[in-house]
Protein chains: 2
Amino acid sequence: MLHLKQDHSELVVLSVLAEGPSYGYAISKEIAARSDGHFKLSPSGMYPLLTKLEKQGLVTTTWEEIKSRSSNPDASGRKRKWYTMSVKGSKRLTQHIENQQRVLKILNGFVPASLRESGLELA
Amino acid sequence: MLHLKQDHSELVVLSVLAEGPSYGYAISKEIAARSDGHFKLSPSGMYPLLTKLEKQGLVTTTWEEIKSRSSNPDASGRKRKWYTMSVKGSKRLTQHIENQQRVLKILNGFVPASLRESGLELA
DNA sequence: GATTGATATATCAAGTTTCGATATATCCTA
DNA sequence: TAGGATATATCGAAACTTGATATATCAATC
C-alpha cells in the first residue's frame, strides 16, 4: 500500500472528478478500489487537498443535505460536500499528465541501458 | 527546471553511479547535463542523500587527495569523496524502477479514457 | 434500545522533507 | 589578485505528511 504524495494525489483526485462530481469520502473509496488497494489517500490528506483545489478554482462545491427517512424531519442530517471539476481544473489535469510524461521521459534517460534492454523502462 | 524529490533523486543518483564511480559535484553536473538542465539536485539535497545511501550500504566510499601541481607539496589539497555502487545498490536500483513501473501503471488507470485516447498515457 | 461499523467532514501536532542560504576552502584563468 | 568553477557540507525556515483525534449521522445487528 502506497500513501499518495501531493503531486500524485492531485492527479488522481482530478482524474476521478473528471468522470463526474463526487465528494471526499467517495473519492477516497474510489481511489482504493480503482488501485486495488494500492493507493491510499487518508482524510488528513484528502480534505486539505480538496480545499486547496477549491481555492485555486479547479473545482466548485455545493453542499447536499442528506435527509434521514426515519428520524426527526427537522434534524439537520448529514451533510455532503460535492466537488465538481471546473474548466480550469480540466486544463490543469491535462497539464499535470503532460508534465508527468515529460519528467518520465527524462527520468527514463537515466536508466542504465542494460536495464532498459530487459524491459525496465519508465516511458 | 524541476527540483528532484527524494524518490526520483535516489533513482537518478543510483542510475548515474550504475555507470561507474563518481562524486557529489560530478553527479550533480551529470544530472543537469543529461536532463538538459531540467533536473537539479543541489548540494543540500545531494550530500544528505549520498550519506543516506552510504549508511544503507548501497554505495561504498573512498577519499581521493587531489594534489595540486603548482602549490606546496605538503598542502592537504582538495579532497574528493568517491562513491561506488555496491551489489546491494544495484539491486535497489532495479527495485526502484520496478516499483516506479508499478505505480505508473496504476496511476495510468486513473487517467480519463478521453485523455488516454489522445496519447496522454503514463505507462 | 444499545452497540457496532460504516459514512462523512475536518483539524491537530509531531515528524519528515525540502531548499535557499550560508560556510569553508581550493583551483584555474585572466 | 580577483572572479568563477570546483568541492563538500550544514543550517533553519517553510512546506509537506500522517497517525491520531474530534464530531456527528446512519444502518444493521444483538
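Order of the sequence lines sets the chain letters (A, B, ...), proteins ahead of strands, with each chain counted from 1. Everything numeric here is computed off the predicted structure, so don't read it as measured data.
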Look at the side-chain N and O atoms of H3(A) and state whether any lies under 4.0 Å from the OP1 or OP2 oxygen of dG19(D).
-> yes

Tell me: CG of L49(A) to C1' of dA10(C), nearest whole Å?
-> 14 Å

Per atom distances to the K5(B) side chain, the nearest of dT10(D), dT18(C), dT8(D) is dT18(C)

Which heavy-atom pair separates L104(A) from L122(B) by the least distance, and what is that distance?
-> CD2-O, 3.6 Å

Within a strict 4.5 Å, meaning less than it, do heavy atoms of the K52(A) and E10(A) side chains meet?
-> yes

To the nearest angstrom, how far is W82(A) atom CH2 from dT7(C) atom C1'?
-> 13 Å

Under 4.0 angstrom, heavy atoms only, what part of the nucleic acid is G24(A) near: base, sugar-phosphate, or nothing?
-> sugar-phosphate

Reckon W63(B) touches a base, only the sugar-phosphate, or nothing at all at heavy-atom distances under 4.0 Å?
-> sugar-phosphate

Interatomic distance where OH belongs to Y25(B) and P belongs to dA25(C) [whole Å] = 19 Å

Do the side-chain N or O atoms of Q6(A) get closer than 4.0 angstrom to the phosphate oxygens (OP1, OP2) of dA15(D)?
-> no

Hey, does S42(A) reach any base, or is it just sugar-phosphate, or nothing, if we go heavy atoms under 4.0 Å?
-> nothing

Side chain of Y47(B) only, please: which of dA9(D), dC12(C), dT9(C) is the nearest?
-> dA9(D)

Out of dT10(D), dT17(C), dT7(C), minimum distance to the side chain of K29(A) belongs to dT7(C)

Nearest whole angstrom, please: distance from the C1' of dC19(C) to the CG of L41(B).
-> 11 Å

Just how far, in rounded Å, is C1' of dT11(C) from NZ of K52(A)?
-> 18 Å

Of the nucleotides dT26(C), dT11(C), dT18(C), which has the atom closest to the R78(B) side chain?
-> dT26(C)

Which of the following nucleotides, dT18(C), dA21(C), dT6(D), is nearest to the side chain of S44(B)?
-> dA21(C)

So, are R34(B) and E19(B) salt-bridged, with charged N and O less than 4.0 Å apart?
-> yes

Length of the line joining M46(B):CE and dT10(D):C1', which is rounded to integer Å = 16 Å

Write down the distance between NE2 (H8(B)) and P (dC19(C)), rounded to a whole number of angstrom.
-> 12 Å

Relative to the ring of F110(B), is the ring of F39(A) parallel (under 30°), tilted (30 to 60°) or perpendicular (over 60°)?
-> parallel

For the side chain of K81(A), starting at C-beta, report the closest nucleotide among dT17(D), dA10(C), dC26(D).
-> dA10(C)

K79(A) atom NZ is separated from dT23(D) atom P, nearest whole Å, by 17 Å

Is there a donor-acceptor pair under 3.5 Å between the side chain of E64(B) and the backbone N or O of R78(B)?
-> no

Closest to the 5' end of DNA chain D, once P43(A) and Y23(B) are matched to their nearest nucleotides, is Y23(B)

